[in-house]
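Following: one structure in structure tokens, then a few remarks.
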Amino acid sequence: MQSTISCGLRQLKLTQLPRPSSGNLRHSANRLFLQQHQESAATSSNAACASQGGAGSGGSDLSPPEQHEVLEPLPTTFPPPPPSGSEHPGWADDVWASPLNISRRIWCNRSLNMRRIKAIGFDMDYTLAQYRPETFEKLAYHLTVDNLVKTFGYPKVLYDFQFDWRYMQRGLTIDKKRGNILKVDRHKYVKLAFHGFKPLSREERRATYSGVEQFDFDEPDFALIDTLFSLAEAHLFMQLVELGDAQPDAIPAGKQPADLYRDVRTAVDLCHRDGSLKRAVAADPAKYIHSDPRLVACLEMLRDSGKKLFVGTNSLWDYTHVVMNFLLTGRVGPDRNEDWLEYFDVVITGSGKPAFFSQKKPLFEVHLPTGMLQNTEGGNPVVPIVDADLPRLEYGSSAPKGLTAQEKGQRARVFQGGNYVDLHKMLGVHAGSEVLYIGDHIYGDILRSKKTLGWRTMLVVPELETELGTLATRRSAMVRLQGLRQQRDALDDQIQRLSWAARGQMAGPFPASSTESHQPLQQQQQQQQQRSGTGHLQALLADLLRQRDEVREQHRQQLKEHHEAFHEVWGQLLKTGYQNSRFAHQVERYACVYTSHVSNLSFYSPEKSYRGRMDAMAHEPEPFMDNLSAS
């Protein structure tokens with residue numbers, strides 16, 4: 001017996017599974033939700049998507065990835081990050097930043113004067129290196145499935161799962177205990193929720209997440225999809241929940257949704273630890289990583305301005321060396337060398353973020369020819385010293401001092417481990433506000449460095465480029481939405497006021513009908529007029545209610561269409577209805593500035609003063625409408 005189960009955007013064949021009822025499946029997940037863009041896909045498919053790969057090599061012997069169906073070329077308007085219609089994504093184009101080129105802009109939440117920045121740091125993965133999701137995420141997904149089957153004892157039917165990297169979205173929240181995926185707004189209201197691929201109704205969402213129990217949507221019961229690395233694992237988690245509901249016997253005995261998530265998370269970590277993912281990327285970097293012709297010019301400009309540059313990555317030296325060679329020198333395989341180190345003053349590998357920003361760990365220097373680690377203690381005996389006994393923390397650091405006085409052409413020294421004290425000492429930094437750190441991980445890169453050290457922060461949001469492109473096409477629709485919302489609110493206000501007025505009249509001194517004949521004629525006439533007025537109010541209220549319901553339905557449909565223009569399932573990345581999403585709230589709180597790609601720095605002066613928009617209270621004019629009228 002065979003049946004189908006909707007896992008993402010494809011029909012997945014599962015052997016010996018009963019057909020689930022239609023109510024248990026996401027009805028729209030059975031079709032490619034990009035059908036509305038087919039015409040644009042036919043004209044804007046690009047080389048990056050056309051060269052999609054399967055699970056790749058990398059030392060894994062999982063079921064042949066070539067058996068998995070290859071996705072059709074995608075329209076360039078769909079996140080995340082968009083290869084454009086040329087060899088390079090849009091952020092690599094040589095266009096000077098201006099209000100007319102919003103995809104290149106750097107957006108400011110908190111004023112940032114670059115003249116006060118002495119050192120600029122870069123995360124590597126999904127910051128300096130933008131991965132091709134149609135190949136890299138697919139590779140990570142299939143390697144994770146292989147680990148689940150071979151290491152955790154999951155059934156081989158998992159090999160039949162179909163993965164579409166476009167389905168998930170960053171900023172979502174995983175409810176581990178209940179097997180749900182949520183989109184939460186900044187007030188912690190759950191606007192969208194799916195159990196597997198089954199959408200939860202408004203009543204189900206409210207019963208679960210808006211009752212007596214209040215949720216912070218944080219660990220240990222929840223997990224935030226806060227990096228593009230998490231998209232594949234989140235999609236796989238949804239598929240396992242769906243599989244478990246349809247056929248409990250297909251899931252290892254006794255495993256609850258929280259156990260499924262833990263297994264998926266561990267299987268992903270094993271892909272990184274066993275080297276299978278890295279070996280595949282090292283064998284063919286161009287297949288998995290976008291090249292960026294503007295990156296070298298960007299780094300040179302920043303260094304020429306007198307700023308010190310460093311790399312702070314959790315990847316170890318061997319993989320960092322592969323990726324940075326490809327990005328900065330174009331060298332791969334045996335042609336790799338260490339020339340790329342000339343663009344930096346210090347390189348920290350294996351940093352262990354976010355612990356790097358708060359915990360003390362041993363610092364080692366990497367011997368580049370061999371990759372071996374060397375002590376930085378200089379052969380001196382290790383004497384334990386309590387930090388509280390030191391006048392300055394850097395006195396307890398074994399890091400070398402004065403690495404910032406490098407001549408052009410010198411190569412950065414490479415280290416592993418350590419913490420921020422070691423880095424500050426090497427860079428000659430005395431205050432966190434002198435460091436700008438650029439990363440893609442809202443928690444591991446941005447939040448912890450901001451809250452713990454006071455570093456200035458730039459968040460890289462690759463999906464922002466397509467969001468901005470879609471937003472530009474939706475301006476007239478946004479004006480209509482705003483008008484409908486105002487009309488709906490005005491009708492609600494009239495209805496509420498008239499309802500109260502009618503209630504007051506109906507509660508007036510109306511005598512009982514049995515005694516009406518004993519009332520004076522003049523008083524009876526007044527009462528009849530009062531009843532007539534009440535009847536008129538009721539008729540007016542009925543008409544207003546009809547108008548309000550029509551406007552409300554129009555508004556609901558147009559708001560739904562607006563969000564589906566960004567992503568048919570999850571909507572606009574940084575919005576949940578009219579509210580900022582929880583992800584947007586974190587971006588606003590912890591990222592001083594944000595942009596779609598690190599190379600956008602090359603379109604601005606390295607001494608620029610970034611200034612945020614004026615805050616607006618509820619009683620002040622809406623910036624949203626001001627922006628629309630000014631455009």
Side-chain angles (χ1 to χ4, degrees), residues 46-62 64-66 70 81 83 86-89 92 122-143 146 229 270-300 309 311 313-344 347-350 365-373 409-416 598-599:
N46 51 77
C49 290
S51 62
Q52 298 172 47
S57 57
S60 174
D61 57 346
L62 71 120
E66 58 270 14
V70 177
S86 62
E87 175 64 23
H88 305 293
F122 303 87
D123 180 34
M124 184 179 74
D125 299 310
Y126 275 118
T127 300
L128 290 172
Q130 286 295 326
Y131 291 92
R132 298 179 183 269
E134 71 277 6
T135 54
F136 183 81
E137 293 302 328
K138 194 171 183 179
L139 170 65
Y141 174 89
H142 288 306
L143 291 175
D146 196 50
F229 276 127
L270 287 176
C271 293
H272 293 276
R273 182 173 297 180
D274 65 17
S276 56
L277 190 63
K278 297 175 182 177
R279 285 194 295 271
V281 175
D284 189 1
K287 180 179 179 181
Y288 299 103
I289 305 174
H290 287 296
S291 61
D292 182 0
R294 296 209 57 83
L295 186 56
V296 168
C298 179
L299 297 175
E300 288 179 335
L309 305 186
V311 174
T313 176
N314 286 355
S315 295
L316 298 180
W317 163 250
D318 56 348
Y319 186 67
T320 302
H321 190 47
V322 168
V323 173
M324 298 303 290
N325 257 286
F326 172 73
L327 286 175
L328 299 180
T329 68
R331 297 178 181 274
V332 297
D335 293 333
R336 290 192 291 265
N337 60 28
E338 297 159 9
D339 288 351
W340 67 269
L341 292 171
E342 296 177 5
Y343 298 104
F344 301 97
V347 173
I348 303 288
T349 63
E365 185 164 5
V366 178
H367 182 247
L368 302 185
T370 63
M372 301 291 288
L373 301 182
Q410 283 187 309
R411 295 171 177 172
R413 290 168 66 176
V414 181
F415 299 86
Q416 179 175 311
V598 67
S599 287

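If you're wondering where the values come from, they're calculated on a predicted model, not measured in any experiment. Positions are given from 1, in the same order as the sequence printed here. Any value given below was found using the heavy atoms of this structure, including those in side chains, with hydrogens, waters and symmetry copies removed.
Contact detail for Ile289 and Arg132: the closest heavy-atom pair is O-NE, 3.7 Å. In plain terms, the two heavy atoms of Phe344 and Val347 that are nearest each other are CB-CG2, 4.3 Å. Across every non-hydrogen atom of Val598 and Cys298, the tightest pair is O-SG, 4.0 Å. When all heavy atoms of Asp125 and Thr313 are compared, the closest pair comes out as OD2-OG1, 4.3 Å. Taking each heavy atom of Tyr343 and Leu299 in turn, the nearest pair found is CB-CD1, 4.1 Å.
Proximity of a side-chain donor or acceptor of Asn325 to a complementary backbone N or O of His321 within less than 3.5 Å is detected. At least one donor-acceptor pair under 3.5 Å links the side chain of Arg279 to the backbone N or O of Asp274. Judged by distance alone, the side chain of Ser315 and the main-chain N or O of Gly350 form no donor-acceptor pair under 3.5 Å. Checking side-chain atoms of Thr127 against main-chain N and O of Phe122 turns up no donor-acceptor pair under 3.5 Å.
To the nearest 0.5 Å, the span separating CG on Asp318 from NZ on Lys278 amounts to 6.0 Å.
In this pair, Trp340 and Trp317 present their aromatic rings parallel. The plane angle is below 30°, not in the 30 to 60° band.
A donor-acceptor contact closer than 3.5 angstrom links the side chains of Asp292 and Ser599.
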